[in-house]
Each structure stands twice: as C-alpha cells, then as structure tokens.
*Asks:* 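Questions regarding the structure given below will be posed in turn.
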Amino acid sequence: MQYWLMKSEPSEFSIDDLKRVKVEPWDGVRNYQARNMMRDDMKKGDLAFLYHSNCDEIGIVGVMTIAREAYPDHTAFDPDDNHYDPKSDPDNPRWFMVDVRYKRKLKRVITLNELKQHRALADMTLLRKGNRLSVMSVTRKQWDYILELE
DNA sequence: GCCAACGTTGGC
DNA sequence: GCCAACGTTGGC
C-alpha cells in the first residue's frame, strides 16, 4: 500500500466536488514525473491526500482512495479541451489518469503553513523549495504523522 | 498581481 | 547536446 498527495485548485475541483461525485477521473496531468507515478506506481486501494492549492486556505483537506489504476487520459485527444495535447496519439497515448474515490473530509484543513512548522515533515516533497509536482508520494511515516495533527 | 522556480521547446 | 526563451505553477 502506498500513500500519495494530489493537488487541485478548489476553484477547478475541490473536496466538496469530490464528495458530491464520489468518483472522479484525475485528468489533465501534463507533467511526465507525475504521469509516471500515476501510470507505474499507483495501485488500486492506495490512499491519497487531496491538497488545495492556489486558494485562500492552502493545505490538505481530505482523504481519497485510488479507485482505478492508470488508463489513457482521453482529454488529451480533444481539441476543445483545456488540456488538449496534439502530440498524444490515441494509438500511443502520452498521458494517463487514475480514478480517485472520496473517502472523507478532514475535520479541519491542515494548512501548508502548519505542515512547515513540523521538523518531522521537512523531507516531504511538498515542502521542498520550488516543488511543482501535482502528484507526489508520501511516506507511511509522514502520512501517519499528518493524520495525528488532525 | 508579482515573481521565483521549474519544465519544455526549438534553434543552432 | 546545449541553452535561451518561454510558459506554467503556485505561494505570497
């Protein structure tokens, strides 16, 4: 079992949106490192934090499970889609997505600011300077530690 | 709205 | 294969 953190701008897709729809295809990832993790390492049943970025209350807001392992991200084939990539060929897809399922909302937002205060979390990818990955792994230790803060 | 950090692109 | 230019991310 592996642990993950996935970013989303709540104005695009929030924890409340996920709660409503229950299951969501995590489309639109257009970064190779993030893609590789989704395609190669994410397994059904893995757990992931949902993180709200670029908003008033930045931080971890909920827990989701990986409901379906990687399959081609068809939005890359759609010229009308924001994430259209003409170089992704349906016969040889470049981008992949997983499905995530709502598990629960945290009792409170664990903010980025708060995460930064904890020595134990200093190694988190999320907290590394300049990190821009929208999908990243979280160690079991970090996962448990963060949930203890809730 | 600003801007640092980073990834990607494309000319050479 | 290098690297400058550019676009994007995302915190502040």
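Each chain gets a letter, A, B and so on, in the order its sequence line appears, and its residues count up from 1.
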*Asks:* Tell me whether the OP1 or OP2 atom of B:dT8 has a side-chain N or O from A:K87 closer than 4.0 Å.
*Replies:* no

*Asks:* Expressed in angstrom and rounded to an integer, what is the separation of A:Y84 atom OH from C:dT8 atom C1'?
*Replies:* 20 Å

*Asks:* Just verifying a value: how many Å separate A:N113 CG and A:I58 CD1, rounded to the nearest 0.5 Å?
*Replies:* 8.5 Å

*Asks:* Within the structure, does a side-chain N or O atom of A:K7 lie under 4.0 Å from either OP1 or OP2 of C:dT9?
*Replies:* no

*Asks:* Take atom NE2 of A:H52 and atom C1' of C:dC12, then tell me their distance rounded to the nearest Å.
*Replies:* 19 Å

*Asks:* Surrounding CD of A:Q117 (heavy atoms of other residues, nucleotides or ligands, distance under 6.0 Å), is the total greater than 12?
*Replies:* yes

*Asks:* Walk me through it: do A:I15 and A:K19 pass the test side chain to side chain contact (heavy atoms under 4.5 Å, CB included)?
*Replies:* CA-CA 6 Å; A:I15 186 70; A:K19 187 175 183 180; 5.6 Å; no

*Asks:* By nearest heavy atom, map A:N131 and A:R94 onto DNA chain B; which one lands nearer the 5' end?
*Replies:* A:N131

*Asks:* Side-chain contact, heavy-atom cut-off 4.5 Å: A:D41 with A:D46?
*Replies:* no

*Asks:* Taking atom P of C:dC12 as reference, at what distance in whole Å does atom CD of A:E57 sit?
*Replies:* 14 Å

*Asks:* Below 30° counts as parallel, above 60° as perpendicular, anything between as tilted: where do the rings of A:F49 and A:W143 land?
*Replies:* parallel

*Asks:* For nucleotides 1-3 of chain C, print each protein N/O atom paired with a nucleotide N/O atom at under 3.5 Å, atom names and distance only.
*Replies:*
none

*Asks:* Using whole Å, what does the distance between atom P of nucleotide C:dT9 and atom CD of A:E12 come to?
*Replies:* 10 Å

*Asks:* With a 4.0 Å heavy-atom cut-off, tell me which residues in residues 108-130 of chain A come close to DNA chain B, sorted by residue number.
*Replies:* A:K129, A:G130

*Asks:* Does a side chain donor of either A:Y102 or A:R20 reach within less than 3.5 Å of an acceptor in the other side chain?
*Replies:* no

*Asks:* Can you tell me if A:T75 and A:D78 form a side-chain donor-acceptor pair at under 3.5 Å?
*Replies:* no

*Asks:* Just do the ring pair (Phe, Tyr, Trp, His ring centres under 6.0 Å) check on A:W95 and A:Y71 with the steps written out, would you?
*Replies:* CA-CA 9 Å; A:W95 303 114; A:Y71 59 106; over 10 Å; no

*Asks:* State whether A:Y51 places a side-chain N or O below 4.0 Å from either non-bridging phosphate oxygen (OP1 or OP2) of C:dT9.
*Replies:* no

